Asker: 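This structure is in structure tokens; I'll ask about it shortly.
Only a predicted model underlies this, so the values are computations on that prediction, with no experimental measurement involved.
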Amino acid sequence: NAVLMKATALENSFICQPQSGNTAGRVFGGFLMHRAYDLALATGYTFAGSYPQFREVDKIIFKSPVDIGDLIRLKSRIVNTIDDPIHPLAQVEVTCQIIRPEKASSIVNASKSVE
């Protein structure tokens, strides 16, 4: 059975609020990682049809700082599956884009695997 990656995609957008800021006046990276984790979990749940078990974070790359008030768009999709009857695995990729209509967008990448 094959499923196109775009058929597994989910998306979430939000505006960064002051309560998610750090001492430097930027958005705390842990807040972005938590939101990416939540979307990865929802993507795995939607794809598998059962609640996934978190396995590991592959890599996180912050390419630019995120300011309070920035509009953030998180996109996730299943990028790989391992069809093991005992331990099936789905790898979820989450990308985080800063939406600034007046400027070129920056990208923050996060990759998560859920079992």
Side-chain angles (χ1 to χ4, degrees):
N1 294 335
V3 177
L4 297 175
M5 285 194 298
K6 68 180 181 179
T8 67
L10 291 180
E11 188 174 316
N12 184 12
S13 297
F14 58 92
I15 296 176
C16 295
Q17 301 296 322
Q19 63 267 27
S20 57
N22 61 20
T23 56
R26 308 282 187 171
V27 174
F28 178 57
F31 171 77
L32 296 173
M33 292 176 359
H34 187 164
R35 296 296 295 257
Y37 170 81
D38 287 345
L39 186 59
L41 192 69
T43 304
Y45 192 11
T46 303
F47 176 74
S50 63
Y51 196 81
Q53 179 181 359
F54 176 75
R55 184 170 175 202
E56 67 184 24
V57 173
D58 183 29
K59 67 180 175 180
I60 298 172
I61 301 169
F62 293 99
K63 291 187 175 181
S64 65
V66 178
D67 294 320
I68 303 299
D70 280 348
L71 176 61
I72 301 296
R73 180 185 300 143
L74 293 172
K75 294 181 180 181
S76 66
R77 62 186 179 164
I78 304 291
V79 294
N80 187 32
T81 60
I82 298 173
D83 191 17
D84 181 336
I86 298 172
H87 298 290
L89 180 71
Q91 184 177 4
V92 180
E93 176 184 75
V94 179
T95 59
C96 176
Q97 187 175 14
I98 303 169
I99 308 301
R100 293 183 183 133
E102 70 280 4
K103 297 180 184 176
S105 297
S106 300
I107 303 285
V108 177
N109 289 318
S111 179
K112 303 199 179 289
S113 294
V114 291
E115 186 174 330

Asker: Only one of Asp70, Ile68, Asp67 passes side chain to side chain contact (heavy atoms under 4.5 Å, CB included) with Arg26; say which it is.
Answerer: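 Result for side chain to side chain contact (heavy atoms under 4.5 Å, CB included) with Arg26: Asp67.
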Asker: Tell me whether Phe31 at atom CZ has more than 12 heavy atoms from other residues, nucleotides or ligands lying less than 6.0 Å away.
Answerer: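 More than 12 heavy atoms, drawn from other residues, nucleotides or ligands, come within 6.0 Å of this atom.
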Asker: Which atoms form the tightest heavy-atom contact between Phe14 and Leu32, and what is the distance?
Answerer: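 Taking every non-hydrogen atom into account, CZ-CD2, 4.4 Å.
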Asker: Working note: Arg77 + Phe47, criterion side chain to side chain contact (heavy atoms under 4.5 Å, CB included); need CA distance, chi angles, decisive distance, verdict.
Answerer: CA-CA 9 Å; Arg77 62 186 179 164; Phe47 176 74; over 6 Å; no
Asker: Do you know the tightest heavy-atom contact between Leu39 and Ser76?
Answerer: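 The pair with the smallest heavy-atom distance is CG-OG, 3.5 Å.
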Asker: To the nearest 0.5 Å, what is the distance between CD on Gln91 and CD on Glu93?
Answerer: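 These two atoms lie 8.0 Å from each other.
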Asker: Quick check: closest heavy atoms across Ile15 and Gly69, and the distance to 0.1 Å?
Answerer: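 Shortest heavy-atom separation between Ile15 and Gly69 comes out as CG2-O, 3.7 Å.
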Asker: Applying a strict under-4.5 Å side-chain criterion to I, L, V, M, F, W and Y, I'd like to know whether Leu4 and Ile78 cluster together.
Answerer: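 Result: no, two separate clusters.
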Asker: Measure the OG-NE2 distance between Ser20 and His34 for me, rounded to the nearest 0.5 Å.
Answerer: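 With rounding to 0.5 Å, OG (Ser20) is 12.5 Å from NE2 (His34).
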Asker: Does some side-chain heavy atom of Val92 sit less than 4.5 Å from a side-chain heavy atom of Val79?
Answerer: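 Of all side-chain heavy-atom pairs linking Val92 with Val79, none is under 4.5 Å.
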Asker: In Å, rounded to the nearest 0.5 Å, how long is the span from SG of Cys96 to CD1 of Ile61?
Answerer: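 CD1 of Ile61 is found 13.0 Å from SG of Cys96.
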Asker: To the nearest 0.5 Å, what is the distance between OG1 (Thr43) and CG (Leu74)?
Answerer: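 So the OG1 of Thr43 and the CG of Leu74 are separated by 10.0 Å.
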Asker: Check whether any side-chain heavy atom of Ser13 lies under 4.5 Å from a side-chain heavy atom of Ile99, and answer yes or no.
Answerer: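 No - every pair of side-chain heavy atoms lies 4.5 Å or more apart.
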Asker: With side chains defined as the heavy atoms from C-beta onward, is the minimum distance between Tyr45 and Pro52 less than 4.5 Å?
Answerer: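 Yes, side chains in contact.
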Asker: For the CD atom of Glu11 and the CZ atom of Arg73, what is their distance to the nearest 0.5 Å?
Answerer: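 Taking CD in Glu11 and CZ in Arg73, the distance rounds to 5.0 Å.
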Asker: Looking only at heavy atoms, which two atoms of Cys16 and Ile72 are closest? And how far apart?
Answerer: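 The pair with the smallest heavy-atom distance is SG-CG1, 3.4 Å.
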Asker: For Val3 and Ala7, work out which heavy atoms get closest and say how close.
Answerer: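 Where Val3 meets Ala7 most closely, the heavy atoms are CG1-CB, 4.0 Å.
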Asker: Take atom CG of Asp83 as the centre, draw a 6.0 Å sphere, and report whether it contains more than 12 heavy atoms from other residues, nucleotides or ligands.
Answerer: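 Open.
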Asker: Please round to the nearest 0.5 Å and tell me the distance separating atom CZ of Arg55 and atom CG of Leu89.
Answerer: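 Result: 5.0 Å between the selected atoms.
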